[in-house]
Amino acid sequence: MDKPAAPDLQAPAPTDLPASTGDDKDAPLKEDIRLLGRLLGDVLRDQEGEEVFDVVETVRQTAVRFRRWDDPAAGKELTTLLKKLSRNQTLSVVRAFSYFSHLANIAEDQHHIRRRRAHLLRGAKAHASTVAYALERIKDAGVDKQTVETFMRDALISPVLTAHPTEVQRKSILDAEHDIARLLAERDLALTPKEAKRNLQLLQARIATLWQTRMLRYEKLTVADEIENALSYYRITFLRELPALYDDIGEELAAHFGTDPATLHDATYMQMGSWIGGDRDGNPNVNAATMERALVRQATTVFDFYLDEVHALGAELSVSTLLVPASQHLQALADASPDHSPHRSDEPYRRALIGIYARLAATARELGASNILRKEVGHADPYAHPEEFHAELSVLAASLEENFGAILVQPRLHGLMRAALIFGFHLASLDMRQSSDVHERVLAELFERAGVQADYAALDEAAKVKLLLDELAQPRLLYTPYESYSETAESELGVLRAAREIRQRYGVRAIRNYIISHTETVSDLLEVLLLQKETGLLRPGQGSHDVMVIPLFETIPDLQRAGAIMGEWMALPLVAQLIEHQGRLQEVMLGYSDSNKDGGFLTSTWELYQAELKLVQVFSDARVKLRLFHGRGGTVGRGGGPSYDAILAQPPGTVNGQIRLTEQGEIISSKFSNPEIGRRNLELLVAATLEAGLMPHGQDQAQVAQLQRFEAVMAELSERAYKAYRNLVYETPGFTDYFFAATPIAEIAELNLGSRPASRKSTRRIEDLRAIPWGFSWGQCRLLLPGWFGFGAAVSSWVADGDQEERLATLRAMGKEWPFFATLLSNMDMVLAKTDLAIASRYAELVPDAELRERIFARIAAEYNETLRCLELVTGNDERLVGNPLLARSIQNRFAYLDPLNHLQVELIQRHRALAGDAGQVDERVHRGIHLSINGVAAGLRNTG
């Protein structure tokens, strides 16, 4: 007997997605979501049976009732239903909703691409966040061609990839999702009935493959795993899309300013960075060996790409000198090739490329690659540096351009030449990072063993600075191979020695920066200079060093001292010499995550703004160029939110063509797993940097006075918000117990989801908890508290303390006329749209102490409602995301499927804690279910996960 037709499981029922209308721009998205949901439902029914299929649908419908109508009966029904599920059923239901989150993301990404193409096909005006729009604005503002070209030549825009303890996707999953995205895009083409049927079969097959593929790694992740995960995005996106973006930008510069492409042919204004394998702060698994492994794997990845491209060029450039001439330089390159086949005697391009391939292969082996798939024809000497590789490619391009072959350069050769300039042989610059207290311990040991200072750590700041400067002036070293040192000291010195060797092997761009976490004093910076001197990276006598020392200011007090610390630092004669060697440039990193955990969303945002203003003034006085490195997270509570708006909201003078910013691990997948979406995310960084750096910032007296008034108001709001936040998080008795019970923080720590421990120390103090799991846990329970708490208390009390109408008018003017405050409101609006008190209340039920649960949850709920009320008063909007309807629709589309994951996660956590509490047992299936639910919720929330 035939099975009845499957309902649109995971595809929204009529109450979940609004019906499409004739002019509904989102109709294709809704159809894609319905299609993917139906196919997932078919796979679920086929693989798991009718019973599980029916359970998933019942859970979904009950969760919808609970969300839409705040129905207590639905909540009880859901609890009863979930408790009855067997362990296997629970795991299947979690997997179903988790996979739907991923499929919905694919459909959304495809729809973004579809809408962008439709916009371009209509010939509509350039959108904000595109380079075309930025250049139009700049040109209209009167900026001239030479200024723009100089800006591009001197600029450095660097996204820096970091690892994350919950986001390391398996390559198998990435590949399957990439295929699903491709097949979904194919459906926008005109397909014959047979092609359409075949497309549907392939889609279902790939979804079935997903279902039968383990989504996550269940063994403890290593740094090597995190390195490999990041490299997959280079293969998918960066290696091809970044050179292509340079071409797009070149065309826009030519169109708007008449820039000759040759003028900027060697400019490398956007380069990739990485922390993965070099970030030791709180991660004992990162050392010299992981740095070396990171560079070997990075080099292998880029050489694989170069070798494939050169091989493909050899197939394509079948140009014969019997038909067209070639340059003497090309002929010489061909003659030097190990290829002497008579069949190619008239094909110098192919012979030259065979020689280039052989040299690349030799270089790859020399730099650690061991899996070159295609063996070269014969021996060739390796390249000494990537510039030699680029020079030989340039010989091919010049010969083609001189001999009727210019059109043959663009399809592949031009992109490969650009890639060689951007990625070199290192692929991405690896940063080193360590905490200042570790440096202090190592130097205290070196000073003590050398008989220079018995107790360095006990010295006051002035004495430390004097001792460090005196030691930096000494030609001798503190370290001696005839003395024994602690494991920490040997490891830290080993890292710096490895950095020196890596730079020699892979080029000076391979490692350029050393970041000092918890920078609180000038001595924290000088300590790293002395450690560099000990390992050959600093040569004080020559006034030069290899690796820039970069402070990271993280907590509220550190941000407040940042300007003064940098002023003292740059005034030191030795440092002034080193900065001169750096091209009168100094980088400063600002930490968004820790400052938020320390002082709350509003105060953190304000103190970062204030710190930047002070740094601009200090650097201007010292006549040193400031480059800011923004340690932004994926969540708004960790500095996340739209990157374009964030860059434009920076204070004037802070974005002078120099900006680095972290791309935190948990959103790398959402930004860069689709090549076209990846290119757009890279483009908006360039567009924002152009606008922020080149748009005139001139202000008349009235504007200056208005800004000063706005800043004074913001300072008052910050003080009030700080008190409200600190009172809840650090001063409320029992709050730590509440947090550890009402969020999955304990499970995140237990599951070993990343190579880095969740806490810096083995305590339950909020102060010792890492900012990433802190923010991530609040996202999982759908409170997202770090992204809004304190705003309501601050605004309501400030408004009540004066003329209410006048003060509300001031806040509304700030929202309309001050980009900083407008972006703050926009980000908070997004977080509040994804916050759900009803779901959060179910997590609160995990707190065993009823009095504690009710007391703290009531406070959080009251502040949430007050924050909503105040936001509505300021913006005039009583609905969320009025200014971002696309995101509003996205949330509406996905939450019917995200909510069940939260309910299931609560049930799984209850089971896990009950087992652990009763007999100290662990059920691996329950563990896997929690892990899957964490991944699914993060995927559903995307940049708030």
Side-chain angles (χ1 to χ4, degrees), residues 149 153 239-240 242-255 258-268 303 305-363 374 376-425:
E149 290 176 356
R153 182 167 293 285
L239 283 165
R240 294 193 186 278
L242 192 46
L245 175 61
Y246 272 79
D247 284 349
D248 291 348
I249 293 169
E251 289 175 10
E252 294 296 344
L253 286 166
T259 297
D260 183 345
T263 305
L264 297 172
H265 78 280
D266 59 348
T268 51
F303 277 113
F305 173 73
Y306 292 158
L307 289 164
D308 284 347
E309 291 297 285
V310 169
H311 178 76
L313 275 171
E316 292 168 7
L317 293 181
S318 53
V319 179
S320 169
T321 50
L322 298 176
L323 301 172
V324 287
S327 73
Q328 289 183 345
H329 291 300
L330 177 73
Q331 196 63 54
L333 201 58
D335 292 343
S337 167
D339 176 40
H340 304 296
S341 169
H343 301 296
R344 286 185 289 273
S345 60
D346 65 325
E347 296 176 342
Y349 292 95
R350 279 184 164 168
R351 289 194 292 124
L353 285 161
I354 287 169
I356 290 172
Y357 187 97
R359 293 196 71 184
L360 273 177
T363 313
R374 298 184 192 90
E376 61 271 34
V377 166
H379 170 78
D381 293 331
Y383 291 112
H385 45 73
E387 289 76 17
E388 279 189 358
F389 171 48
H390 181 268
E392 292 194 346
L393 294 176
S394 299
V395 170
L396 271 72
S399 180
L400 287 168
E401 287 165 354
E402 292 165 11
N403 296 287
F404 313 103
I407 198 169
L408 302 179
V409 175
Q410 191 61 37
R412 191 183 302 273
L413 178 55
H414 179 76
L416 180 57
M417 291 167 64
R418 179 68 74 177
L421 289 172
I422 298 169
F423 301 110
F425 292 159

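The residues of the chain are indexed from 1 along the displayed sequence. Model, not experiment: these values are computed from the prediction.
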ask   = Which pair of non-hydrogen atoms, one from L317 and one from L396, has the smallest distance, and what is that distance?
value = CD1-CD2, 4.3 Å
request  = For Y306, enumerate each residue passing the ring pair (Phe, Tyr, Trp, His ring centres under 6.0 Å) test, keeping only those at least two apart in sequence or located in another chain.
outcome  = F389
remark   = In short, M417 meets H390 closest at the heavy-atom pair O-CD2, 3.2 Å
key: Short side-chain to backbone donor-acceptor contact, S399 and S327, under 3.5 Å   = yes
Rounded distance [0.5 Å steps], CG in L242 versus CG in D247 = 10.5 Å
query = Looking only at atom types and distance, does a side-chain atom of S337 sit under 3.5 Å from a main-chain N or O of R351, one as donor and one as acceptor?
reply = yes
request  = State the CG-CG distance between L330 and D335, to the nearest 0.5 angstrom.
outcome  = 9.0 Å
Donor-acceptor pair, side chain of R153 and main chain of A267, under 3.5 angstrom = no
inquiry  = Measuring from atom CG of D339 to atom CZ of R344, what distance do you get when rounded to the nearest 0.5 angstrom?
reply    = 4.0 Å
request  = Return yes if some donor-acceptor pair links the side-chain N/O of Y357 with the main-chain N/O of R374 below 3.5 Å, else return no.
outcome  = yes
query = With a cut-off of 6.0 Å (strictly less than), are more than 12 heavy atoms of other residues, nucleotides or ligands near CG of L322?
reply = yes
task = Verify, without hydrogens or angle tests, whether H311 (side chain) and D308 (backbone) share a donor-acceptor contact under 3.5 angstrom.
result = no
Exam field: side chain T363 to backbone Y383, donor-acceptor pair closer than 3.5 Å = yes
